[in-house]
Number of protein chains: 2
Amino acid sequence: MKDDALLELAGRYRESLRHAVYLIRSLDAEGELSTAQVSTLNMVAEGPARVSDIARNSGIRVPSATEQIIRLEAARLVTRGPDAHDARVVLVSLTPKGREVLAGANNRRNKMLAAQLATLSAADREAITAAIPALNRLSIALGRPPYR
Amino acid sequence: MKDDALLELAGRYRESLRHAVYLIRSLDAEGELSTAQVSTLNMVAEGPARVSDIARNSGIRVPSATEQIIRLEAARLVTRGPDAHDARVVLVSLTPKGREVLAGANNRRNKMLAAQLATLSAADREAITAAIPALNRLSIALGRPPYR
DNA sequence: CCTAATAGTTAGGGAGCCTAATAGTCAAGT
DNA sequence: ACTTGACTATTAGGCTCCCTAACTATTAGG
């Protein structure tokens, strides 16, 4: 692929991404949980996780993750506990309430988005379906730099 | 398309978008301009624009747009002036310096992204290219349309 | 042991967004 | 012409989310 074509695609994708951000915002509008909180909760949905792992997976720094976790803890959605093998580590776990609220939030967002997807043509939906793995590879290619 | 399939697609796209947001963040890392600023500047690139138009096109409220514009004005990247036909209106224009800085910022980001796109397979790039119009329609379909 | 590395928290600060309240201007109807 | 209501933008105040720097506690290597 020629450089020019790559640059043009990059420009168009950036523009598209900019719009998608507003889409996300509107999805969150009257939400119980913010995007950042959903993101953090999703991280511990499959079992207790370290603060540093949550930070890395969320693409934020450790202190920012701590901040989020403290907020979620205050809302009784997660608990912080020790790791049996390493006393420095803090393991964050989802509470039953957290699991419930998270499921509700994910569900609500997915339903809103699904309703919009339904208004698209079948061809558009297919194009999106086909592109998602590629988009994920693209994101991953950039690495997850915000951590050192 | 069945509801289940739509919900599943919605979930996968939301996840993908979450990663894409980190991608954008990393693109902005050591930038001269933030994403929000680039976004605002792009809005006036094709000629003077009203504060309210900038806000609407950026998917933010008018006071937030004012705030951005004031910052950009302080950096000598835009100027604010009156509208000849309506004294309530403030027209925001790009300065020569603003045009230059904007071009540089867009260029830098596009180059970074293009370099990553180059690492993907041709099939992946095609899938992304094909999906962009669909993704734009999806974004626009939702609540706070970028264009209007 | 002592030291260097690692995990997390605390402290302080900035960007970016919001709502509510305000000032100024326009347009319409009486 | 004048008042009233709609519209444009700004100001004020507040919140979330992210950052870096500095600190504490713990672990592991020499």
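This is a predicted model, so every value here is computed, not measured.
- Comparing A:S64 and A:A87 against DNA chain D, the residue whose closest nucleotide sits nearer the 5' end is A:S64.
- Using a 4.0 Å cut-off between charged nitrogen and carboxylate oxygen, B:D4 and B:K2 do not count as a salt-bridge pair.
- With sequence neighbours excluded, no residue forms a salt bridge (charged side-chain N to carboxylate O under 4.0 Å, His left out) with B:E100.
- Between the CD1 atom of A:I60 and the P atom of D:dC18 there is a distance of 5 Å, given to the nearest Å.
- The shortest distance between the side-chain N/O atoms of A:Q68 and the OP1/OP2 oxygens of D:dT16 is not below 4.0 Å.
- Taken together, the paired segments of DNA chain D that extend over three or more consecutive Watson-Crick or G-U pairs, each closer than 3.5 Å at both contacts, are C:1-30 with D:1-30.
- When each of A:R71 and A:H85 is assigned the nucleotide of DNA chain D bearing its nearest heavy atom, the one mapping closer to the 5' terminus is A:R71.
- In this structure, B:D3 places its CG atom where only 12 or fewer heavy-atom neighbours from other residues, nucleotides or ligands lie under 6.0 Å away.
- Defined by atom type and a distance below 3.5 Å, a donor-acceptor pair is present between the side-chain atoms of A:N42 and A:N106.
- Across the protein-nucleic acid pair, B:I54 atom CD1 and C:dG16 atom C1' stand 16 Å apart, rounded to whole Å.
- Here the P atom of nucleotide C:dA15 and the CD atom of B:E32 are 16 Å apart, to the nearest Å.
- Checking each of A:L91, A:V90, A:L94 against A:P48 for a side-chain contact (heavy atoms from CB on, under 4.5 Å) leaves exactly one that passes, namely A:L91.
- Between B:R12 and B:E15 there is no salt bridge, since no side-chain nitrogen of the basic residue lies less than 4.0 Å from a carboxylate oxygen of the acidic one.
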Heavy-atom contacts, protein to nucleotides 7-14 of chain D, under 4.0 Å, summarised as B (base), S (sugar-phosphate only) or - (none) per nt, yield BSSBB---
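- Contact detail for A:R80 and A:T66: the closest heavy-atom pair is NH1-CG2, 4.4 Å.
- Under the 4.5 Å side-chain criterion, counting only non-hydrogen atoms from C-beta, B:L72 is not in contact with B:V92.
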